[in-house]
Amino acid sequence: MALLSWNEIRARAIKFSKEWENETSEHAEAKSFWDDFFNVFGISRRRVATFEKSVKKTGGEQGFVDLLWKGVLLVEHKSKGKDLEKAYRQAKDYFPGLKEAELPKYILVSDFENFVLYDLDEGGERRFTLSQFPQNIELFGFIAGYQKQEIKEQDPVNIHAAEKMGELHDKLKTIGYTGYDLEVFLVRLLFCLFADDTGIFEKNLFRDYIDEETRKDGSDLGFHLAGIFETLNIPVGERATNIDENLNQFPYVNGSLFADRLGFATFDSEMRDLLLESSALDWGRISPAVFGSLFQSVMDAEQRRTLGAHYTSEENILKVIKPLFLDDLWDEFEKIKNARSRRNEKLNDFHEKLASLRFLDPACGCGNFLIIAYRELRLLELEVIREQLRGQMTLDIDLWVKIDVDQFYGIEIDEFASQIAQVALWLIDHQMNMKISNEFGEYFVRLPLRKRPHIVHGNALQLDWESVVPKSELSYILGNPPFVGSSLMTKEQKNDLVAVTKGLKKAGHLDFVAGWYIKAAEYIRFTKIQVGLVSTNSVCQGEQALNLWKYLMYQLDVEIHFAHQTFQWTNEARGKAAVYCVIVGFSCIKGLPKTLFSYPHIKGEPTSKPVNMINQYLLDAPTIFIESRRSPISNVPPMIWGSKATDGGNYIFTEEEMMDFIAKEPLSKKYFRPWIGAHELINGYQRYCLYIADCPPTELRKMPHVIERVEAVKQMRLESRAASTRKWADYPTRLRQDQVIDEDILIIPAVSSENRKFIPMGYFEPPTICTNAAFQVINADKYLFGILNSSMHMAWMRTVCGRLKGDYRYSNTLVYNNFIFPEPTEKQKSDIEKNAQKILDVRGKYAGSTLADLYDPLATPPDLLKAHNDLDRSVEKAYGKTFKTDEDRVAFLFEKYQEKVRSEMTK
């Protein structure tokens with residue numbers, strides 16, 4: 001049944017209030033009064049609500065609810081002049097006698113002349129008289145089907161609903177109802193529950209049917225649900241003439257959602273109660289963007305324990321779609337709205353443009369990005385229609401709404417998720433239709449469903465995207481492809497990526513998401529399609545920034561026109577997991593305005609600025625590809641890896657283990673050396689290496705416990721899968737990679753936390769061994785230490801290095817060897833050395849603190865921070881320039897690097 005327009009409801013309300021204004025309206029006339037009241041909204045009171053329902057009141061005595069619409073409204077009426085506060089308390093006394101699914105969301109108390117409506121969810125109340133009823137009809141939108149709801153992504157109802165559906169899923173699966181039938185069955189239930197609360201169905205039609213037409217033991221529920229699903233797929237005029245009257249109230253939906261016949265699902269009383277409890281939730285508050293992912297997660301019991309950790313927040317989706325297309329569309333609309341000439345013509349052309357746009361999410365999951373993009377486009381269209389109809393009478397609003405779900409395309413490898421995405425787009429479409437209805441006072445609903453989203457179930461890296469949507473028709477590509485690091489990919493994912501990266505001269509260790517960048521860039525070549533993708537920040541760092549973007553920019557002519565630098569991608573859900581991401585917007589269109597979003601704090605809000613260029617490192621700097629070098633570009637000593645034991649742990653000891661071993665094998669004492677890597681250096685942890693590479697054979701044979709270790713190393717290497725390791729079984733007394741140096745060394749950790757402003761480095765004397773978890777420079781002077789500890793070098797490192805999770809992964813060949821050192825005067829060099837020594841002196845004052853303590857952002861001593869600031873000033877003087885930000889520092893270094901490379905080429 002179609003909803004009445006607000007204009008018609010208002011006219012009925014005026015007539016109702018006038019007819020009853022002079023009536024005595026005593027208790028005997030209550031039924032007539034409330035029948036007429038519900039009729040104002042086009043609802044049959046007899047179908048939805050009952051009079052005089054018997055319940056147990058607080059305290060156990062019997063009571064009678066004057067009028068109850070289960071799960072929606074409780075009415076308590078009194079004679080004229082009676083205390084309505086007392087009536088409200090009496091209404092609340094009935095709650096203990098009601099089932100959870102019957103508890104109302106609203107209480108209305110009345111003496112037939114005065115009314116008070118209590119909103120139990122929001123906590124508000126509104127008072128009005130009978131004559132004021134026509135001016136307050138919007139309060140009763142929940143009766144008419146027009147209820148305004150603020151859809152909140154963090155609304156607990158999203159999670160409660162998903163949990164209920166998860167329980168029902170488990171029950172059905174337990175009885176053997178599985179696979180495709182179960183997935184489609186749950187998606188259909190999702191649609192019906194949503195339709196029940198949002199005006200697609202008459203209010204609570206689905207819930208009331210289940211409650212009143214099926215047996216309490218649930219034995220016939222599956223039969224009735226199958227009947228509902230089949231009825232929803234048959235046009236009303238084509239249904240059997242003797243169809244059950246209650247069943248026939250369900251509208252024709254179409255859209256193929258109910259086309260397939262499913263296996264028969266059986267229910268029991270517990271499962272029936274579970275469905276009724278689910279239907280008691282306010283599905284009008286459900287966010288289709290959030291619920292889709294939550295709903296998918298209920299299919300996996302492991303995921304359900306951290307329910308909510310798997311969806312993308314609306315805030316983060318907007319970070320993609322606003323700079324990709326939405327901001328520009330709003331700017332264009334504002335200009336047209338304020339145009340002095342041909343305004344209406346321009347508005348109509350702009351509206352047609354909106355209806356012509358096409359969007360593809362090639363890893364759409366449950367449709368989050370498409371849903372938010374659709375909603376935002378419809379909100380813009382609403383403003384356009386407002387302007388088009390300014391000063392006009394609104395008629396046939398359906399002729400003015402042009403944007404529809406068939407403008408949206410998706411590819412998804414998970415079949416269940418693809419089904420949810422399609423339904424979720426229909427749901428958001430209906431929510432926007434209700435917004436239109438509220439705005440213009442005319443009921444607007446798209447039933448039966450005549451258009452559908454183009455969601456394709458398939459592998460995006462194997463599919464030809466042109467088979468999904470021709471590139472000549474597409475406007476934008478957007479989304480959040482899978483976050484899978486190169487070392488975590490499955491065999492199938494690796495094969496998919498290999499097939500996609502054939503055009504790259506050097507693929508290297510690309511993350512899985514790189515496949516979507518390549519497919520998108522190849523697809524949009526020679527078009528005006530614009531792309532906005534979220535990915536882990538590693539695609540714009542280190543080796544990937546070189547291998548991936550060199551192909552995209554040089555071979556495919558891609559240009560980055562907006563980007564969000566590294567930020568923490570997270571949400572407020574339970575069990576959330578932080579991921580460090582970037583957003584990259586690109587196209588083959590030359591000369592587009594460019595915007596760069598930076599994060600002063602990685603977990604905070606971004607600042608934006610227009611820039612001239614955005615390079616592959618997402619910086620306002622020249623596009624220069626930093627490749628690994630075997631030797632430094634500047635005149636500085638080499639930096640090399642530390643030693644790698646590959647010993648199965650046989651040569652590495654804690655201090656306690658070493659002392660115990662020496663007690664058993666005294667001759668071994670002189671062969672133990674401190675073993676220092678990133679962990680030991682930063683955290684002050686002590687480990688030792690039994691280094692016997694130079695131990696004479698005669699002495700070695702005198703140490704049986706050492707011989708045992710040597711034999712264990714030999715066996716471990718022989719059993720290795722790596723052929724290169726097996727070769728080293730012939731040299732069991734040697735470290736696999738022996739970089740032991742008997743001189744002073746400066747040790748630099750290979751991995752350090754992204755929370756630190758500086759990578760902690762330290763000097764060590766012989767016989768210290770640097771491990772392969774760190775790099776070392778032999779006899780590094782204080783000048784080198786000063787430069788490496790400067791903000792100039794740290795800014796370069798953060799840009800050029802790779803990442804291990806969120807941590808910095810230093811590289812000698814990529815970071816150190818490509819870093820442009822200054823050319824200081826003797827005085828400038830001396831100043832740098834003095835300030836470098838100050839840092840070491842200040843550290844020495846805190847003998848009980850580790851480097852992790854000293855460089856904790858919240859615990860760094862002020863004098864250490866001052867020492868670093870002094871060092872930075874002296875280093876910047878050597879470069880001949882003062883810098884305000886790290887972006888300025890890196891841009892300067894890129895220019896110097898470019899100059900250096902050019903000078904090398906001319907030699």
Side-chain angles (χ1 to χ4, degrees), residues 1-5 8-9 12 34-51 67-73 101-102 140-147 185 187-216 220-259 267 272 275-276 278-284 423 426-427 430 433-434 437 443-450:
M1 185 179 79
L3 275 66
L4 300 179
S5 70
E8 186 173 352
I9 292 172
R12 289 186 176 203
W34 293 111
D35 284 349
D36 289 353
F37 178 87
F38 274 84
N39 190 53
V40 167
F41 303 98
I43 298 293
S44 167
R45 192 278 308 164
R46 289 178 174 82
R47 193 194 72 76
V48 300
T50 57
F51 274 108
L67 185 147
L68 179 67
W69 184 358
K70 294 176 182 178
V72 181
L73 175 67
E102 296 175 334
F140 298 92
F142 64 91
I143 296 179
Y146 283 107
Q147 184 174 13
F185 186 84
V187 171
R188 289 179 178 180
L189 285 181
L190 164 63
F191 182 89
C192 291
L193 291 166
F194 183 88
D196 228 21
D197 277 335
T198 57
I200 298 177
F201 297 167
E202 188 175 329
K203 183 71 175 177
N204 282 353
L205 175 64
F206 180 73
R207 186 173 88 175
D208 289 347
Y209 185 94
I210 301 302
D211 189 29
E212 297 168 9
E213 301 297 326
T214 66
R215 296 173 186 160
K216 291 186 177 181
D220 63 347
L221 179 54
F223 167 78
H224 280 283
L225 288 173
I228 292 172
F229 296 161
E230 187 164 350
T231 301
L232 290 168
N233 197 52
I234 302 173
V236 175
E238 298 177 16
R239 294 174 182 175
T241 55
N242 64 341
I243 188 173
D244 178 82
E245 181 183 353
N246 293 322
L247 195 58
N248 200 37
Q249 291 184 62
F250 287 95
Y252 172 47
V253 172
N254 195 22
S256 78
L257 177 58
F258 297 96
F267 284 74
R272 179 180 179 273
L275 181 56
L276 285 172
S278 298
S279 68
L281 296 170
D282 188 353
W283 288 78
V423 172
W426 276 325
L427 300 187
H430 182 70
N433 294 340
M434 290 298 96
S437 300
Y443 180 61
F444 174 58
V445 65
R446 283 170 167 157
L447 275 184
L449 300 171
R450 303 195 184 280

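Keep in mind that the numbers below use all heavy atoms, side chains included, and drop hydrogens, waters and symmetry copies.
Note that CG of Leu449 and CD1 of Ile200 are 7.5 Å apart. Values are rounded to the nearest 0.5 Å. Distance check: Ile228 CD1 to Phe258 CZ gives 9.5 Å after rounding to the nearest 0.5 Å. From Lys216, atom NZ reaches atom CG of Leu221 across 14.5 Å, with rounding to the nearest 0.5 Å. To the nearest 0.5 Å, the span separating CG on Asn39 from OG on Ser44 amounts to 8.5 Å. Between the CG atom in Leu190 and the CZ atom in Phe185 there is a gap of 12.5 Å [rounded to 0.5 Å].
At least one donor-acceptor pair under 3.5 Å links the side chain of Arg272 to the backbone N or O of Ile210. Checked by atom type and distance alone, the side chain of Asp196 pairs as donor or acceptor with a backbone atom of Arg207 at under 3.5 Å. Not one N or O on the side chain of Asp220 forms a donor-acceptor pair closer than 3.5 Å with the backbone of Thr214.
Residues Leu225 and Leu275 form a side-chain contact, since some pair of their non-hydrogen atoms from C-beta on lies under 4.5 Å apart. The shortest distance between side-chain heavy atoms of Leu67 and Phe38 falls below 4.5 Å. Side chains of Asn204 and Asp197 form a contact here, defined as non-hydrogen atoms less than 4.5 Å apart. Side chains of Pro251 and Phe201 form a contact here, defined as non-hydrogen atoms less than 4.5 Å apart. When side chains are defined from C-beta on, Leu232 does not count as touching Leu257, because their heavy atoms never get closer than 4.5 Å. Between Leu189 and Phe206 the shortest side-chain heavy-atom distance falls below 4.5 Å.
Ring pair His430/Phe194 is perpendicular by interplanar angle, where above 60° counts as perpendicular and below 30° as parallel. Using bins of under 30°, 30° to 60° and over 60° for the plane-to-plane angle, the ring pair Phe41/Phe140 lands in the tilted bin. Under the 30°/60° scheme for interplanar angles, the aromatic rings of Phe37 and Trp34 are found to stand perpendicular. The aromatic rings of Tyr209 and His224 sit perpendicular to each other, their planes meeting at more than 60°, with 30° as the lower class boundary.
For the side-chain contact (heavy atoms from CB on, under 4.5 Å) test with Ile143, the passing option among Ile9, Ile43, Val72, Val40 is Ile43; the others fail.
Remark: Thr231 pairs with no residue by the side-chain hydrogen bond (donor to acceptor under 3.5 Å, both in side chains) rule, at least two apart or across chains. For Asp36, the side-chain hydrogen bond (donor to acceptor under 3.5 Å, both in side chains) partners at least two apart in sequence or on another chain are Trp20.
Counting only residues at least two apart or on different chains, the salt bridge (Lys or Arg N to Asp or Glu O under 4.0 Å) pairs with a member in residues 227-246 are Glu230-Arg261.
Of all the heavy atoms in Gln249 and Leu205, the pair that sits closest is O-CD2, 3.6 Å.
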